[in-house]
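One-based numbering, in listed order, for ligands and for the atoms of each. What's counted below: heavy atoms across the whole structure, side chains too, no hydrogens, waters or symmetry copies.
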Amino acid sequence: MHRFDVIVVGGGTAGAIAAVAAARRGAHTCLVDGAGHLGGTCVALANITPFHNSRGEAVVQGLAQELVEHIGAQGGTRGKPHLPNFAGIGGSFTPVDPEAMKVALFQLAEAAGVELWLHTVMVDALTGGTTVTGVRAHNKSGPQTLSAKVVIDATGDADVAQRAGAAYVQDTPEAALNATLLFRVAGVDTDALIADARGAPHKFVLLSDPYLRQVKKLSPGQVMRERVSDIYDFPYIYLSNLVRDYVPRSDWGEWGITGEDKSEWGRLKPFGARFSIMPLPHRRDVVTLNVTSLTFDATDGAQRSRAEMEGLRQMQLALEILRRYVPGFARSFLHTVLPGVSVRASRRIVGEYELKRDDVENGARFADGIARGSYPMSVAVRPGVREHLFVRDGGDYDIPYRCLVPRDMDGLLVAGRCLSASREAIGSARMGAQCMAYGEAAATAAALAAERGVAPRAVDVATLRRALKEQKAIV
Ligand SMILES: Cc1cc2nc3c(=O)[nH]c(=O)nc-3n(C[C@H](O)[C@H](O)[C@H](O)COP(=O)(O)OP(=O)(O)OC[C@H]3O[C@@H](n4cnc5c(N)ncnc54)[C@H](O)[C@@H]3O)c2cc1C
């Protein structure tokens with residue numbers, strides 16, 4: 001039996017930050033991840049977003065901001081890391097070099113004294129009654145048993161909570177947000193892409209947040225003319241309708257297209273309605289493509305395997321479309337297929353509080369707020385098609401500590417996209433910068449609970465918020 005104060009399961013976006021935060025507070029901390037590196041989905045995306053709301057006010061700092069600065073010190077961000085986001089979906093956009101992010105996370109974990117258990121899969125939870133006391137894991141050395149005063153479930157899919165028998169919710173694949181096999185393409189002439197955007201702003205998603213048009217009085221044409229001269233002025237790019245704007249009508253028959261609505265896109269139907277293109281911070285010819293769209297149950301092993309194959313099929317089709325029709329891509333080539341389909345939605349715990357659509361829309365404040373979110377709620381309206389519901393007045397909302405605390409289980413906290421939130425609210429609360437803030441908050445609470453010998457739900461929230469403020473987190 002290996003004994004720790006805190007075990008973090010999942011070293012992704014939330015979990016890597018959680019492990020560093022717990023170890024810095026003096027907790028003997030172990031981080032378990034099935035992969036061989038840290039950073040999870042944000043490493044695949046090569047960005048961490050959003051650090052600001054649509055008004056330009058910071059919503060996340062603390063350890064997430066320190067990580068961005070650490071990546072920057074290695075040349076892995078732009079000089080000013082947080083870039084404007086004129087798509088109006090999230091207040092700022094922060095591209096990071098994914099390899100520098102992996103290195104930076106290892107350095108922070110090592111300096112904090114985290115014990116890393118990589119290539120180690122959590123297979124079961126250890127429980128005593130309704131308290132989680134540790135996990136069973138498996139790696140090259142065989143089965144492992146690890147115990148802790150507090151376990152943080154940062155698996156994205158709430159694997160620990162589910163194995164422990166905690167209550168959770170999961171939407172049907174059709175009602176949940178789709179998943180995506182991300183890939184990167186090199187050899188892109190991004191100047192040509194930006195010239196197209198400047199000449200025809202209506203082909204791009206611009207200023208979606210009503211606050212930007214109504215209060216800030218920005219217009220898409222004016223923004224493109226006056227503020228955008230290269231890809232880093234317009235880094236969060238969505239083509240608004242691939243078929244209407246790029247595939248000539250004379251070619252529609254070849255693809256089986258019968259109309260501009262996504263339901264009429266023939267062989268291109270599997271793609272998400274918005275084709276998303278994101279630059280890396282230091283290579284203007286390499287972009288990440290967020291375009292494939294997969295509808296399946298991400299907690300079903302067999303379906304997850306099949307989704308990888310379907311993702312690859314869609315990726316090849318997307319490459320053909322990009323090269324033939326989208327300015328700047330004619331001579332592009334495949335650079336990287338990111339490891340594993342990236343999942344937007346699966347299990348979420350039933351927590352002491354469920355974050356709701358009204359809380360997000362109305363910019364709710366909570367006495368136990370431990371993080372702030374500002375991204376609009378992406379909600380699936382039909383497979384592959386999402387709508388965005390915005391926070392009022394370009395603002396932000398609090399995420400209460402209770403969303404990280406399972407209602408029916410002690411010894412366990414969650415961090416990341418498996419927090420307690422409604423189907424709509426998770427569409428906002430799942431973003432990378434927020435997941436990092438949950439990681440810092442859950443770890444700080446876990447360390448306080450371990451130190452004081454109390455259950456995580458009994459941690460004094462005033463003390464927790466004070467500790468987070470001292471760590472420069474925004475609460
Ligand atoms: C396609 C897509 C596009 C997105 N776009 C953006 C964007 O542009 N910007 C942004 O900031 N956010 C974006 N998001 C949202 C955001 O990236 C994710 O919601 C967030 O990164 C999730 O963080 P997490 O820590 O919960 O999970 P992850 O980062 O996925 O980490 C989970 C970790 O747990 C490990 N793990 C899982 N199960 C086990 C187990 N049983 N045993 C051991 N280890 C395990 C995994 O290996 C992984 O490292 C996007 C999400 C998706 C899917």
Side-chain angles (χ1 to χ4, degrees), residues 7-19 31-51 60 64 85 87 89-90 92-96 101-102 105 117-125 135-139 144 152-163 176-183 235-238 272 274 276-278 288-294 298-299 301 304 311 338-348 373 375 378 386 414-419 426-439 442:
I7 298 171
V8 180
V9 183
T13 311
I17 292 286
L31 176 56
V32 173
D33 198 292
H37 66 84
L38 304 178
T41 303
C42 273
V43 160
L45 287 159
N47 83 74
I48 308 164
T49 297
F51 279 81
V60 172
N85 175 3
I89 303 173
S92 59
F93 180 75
T94 307
V96 291
M101 180 167 165
K102 288 181 197 167
L105 283 170
W117 285 52
L118 298 175
H119 302 293
T120 304
V121 177
M122 186 287 304
V123 291
D124 206 355
V135 295
R136 274 188 241 284
H138 201 281
N139 62 20
Q144 307 290 334
I152 297 177
D153 184 344
T155 59
D157 297 320
D159 283 2
V160 183
Q162 186 263 349
R163 304 289 196 278
L177 291 172
N178 56 341
T180 292
L181 180 69
L182 296 157
F183 59 98
Y236 208 35
I237 299 180
Y238 287 97
R274 288 170 169 179
S276 163
I277 303 168
M278 300 172 285
T288 305
L289 271 295
N290 174 357
V291 299
T292 62
S293 177
L294 304 157
T299 60
R304 208 154 170 161
L338 278 315
V341 162
S342 293
V343 173
R344 288 185 177 82
S346 59
R347 300 184 195 104
R348 306 183 299 282
Y375 197 80
S378 322
R386 284 180 263 154
V414 302
R417 65 176 170 81
C418 51
L419 82 165
I426 194 64
S428 165
R430 70 196 170 91
M431 292 304 284
Q434 281 63 38
C435 285
M436 289 187 176
Y438 311 148

Check: atom 7 (C) of ligand 1: which of Asn47, Val32, Asn178 has the nearest heavy atom?
Finding: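 Comparing heavy atoms across Asn47, Val32, Asn178, the nearest one to atom 7 (C) of ligand 1 lies in Asn47.
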Checklist line | Shortest heavy-atom approach to atom 36 (N) of ligand 1 - which of Leu31, Asp124, Thr155 | finding: Thr155
Pairs of nitrogen or oxygen atoms closer than 3.5 Å, one from [X] and one from ligand 1: do any exist?
X	answer
Thr180	no
Asp159	yes
Met122	yes
Gly432	yes
Gly10	no

Tell me the contacting part of [X] for ligand 1: side chain, backbone, both, or neither, using a 4.0 Å heavy-atom threshold, strictly below.
X	result
Ala137	neither
Thr13	both
Leu38	neither
Cys435	side chain

Show the atoms of ligand 1 that are less than 4.0 angstrom away from any heavy atom in [X].
X	value
Gly34	43 (C), 44 (N)
Asn290	3 (C)
Met431	6 (C), 7 (C), 9 (N), 10 (C), 11 (O), 12 (N), 13 (C)
Ser342	53 (C)
Gly156	26 (O)
Thr49	9 (N), 10 (C), 11 (O)
Gly12	29 (O), 31 (O), 33 (C), 49 (O)
Ala14	25 (O)

Would you say [X] touches ligand 1, if touching means a heavy atom closer than 4.0 Å?
X	result
Tyr236	yes
Asp157	no
Thr120	yes

For [X] against [Y], the heavy-atom pair lying closest together:
X	Y	result
Leu419	Ile426	CD2-CD1, 3.5 Å
Asp159	Met122	CB-CE, 3.6 Å
Cys418	Gly156	CB-O, 3.3 Å
Leu182	Ala44	CD1-CB, 4.0 Å
Ala415	Ala14	C-CB, 3.7 Å
Cys42	Asn47	SG-O, 3.4 Å

Checklist line | CA sep, side-chain torsions, deciding dist, call: Phe183, Thr292, side-chain contact (heavy atoms from CB on, under 4.5 Å) | finding: CA-CA 9 Å; Phe183 59 98; Thr292 62; 4.2 Å; yes
Using 0.5 Å steps for rounding, measure from the [atom1] atom of [X] to the [atom2] atom of [Y].
X	Y	atom1	atom2	result
Ile89	Arg274	CD1	CZ	5.0 Å
Ile277	Tyr238	CD1	OH	11.5 Å
Asn139	His119	CG	NE2	10.0 Å
Gln434	Ile48	CD	CD1	11.5 Å
Tyr236	Asn290	OH	CG	7.5 Å

Protein residue, atom and distance nearest to [atom], heavy-atom basis:
atom	value
atom 18 (C) of ligand 1	Arg430 O, 3.4 Å
atom 26 (O) of ligand 1	Arg417 N, 2.9 Å
atom 49 (O) of ligand 1	Asp33 OD2, 2.6 Å
atom 13 (C) of ligand 1	Leu45 CD1, 3.3 Å
atom 52 (C) of ligand 1	Arg344 CG, 3.7 Å
atom 28 (P) of ligand 1	Thr41 OG1, 3.5 Å
atom 32 (C) of ligand 1	Ala154 O, 3.5 Å

Counting distance only, does the side-chain N/O of [X] pair as donor-acceptor with the main-chain N or O of [Y] below 3.5 Å?
X	Y	value
Thr13	Met436	no
Asp153	Thr155	yes
Arg430	Arg417	no
Tyr438	Ala429	yes

Check: Pick one: which of Arg163, Arg348, Arg304, Arg344 meets salt bridge (Lys or Arg N to Asp or Glu O under 4.0 Å) with Asp157?
Finding: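 It is Arg304, the one option of Arg163, Arg348, Arg304, Arg344 that forms the salt bridge (Lys or Arg N to Asp or Glu O under 4.0 Å) with Asp157.
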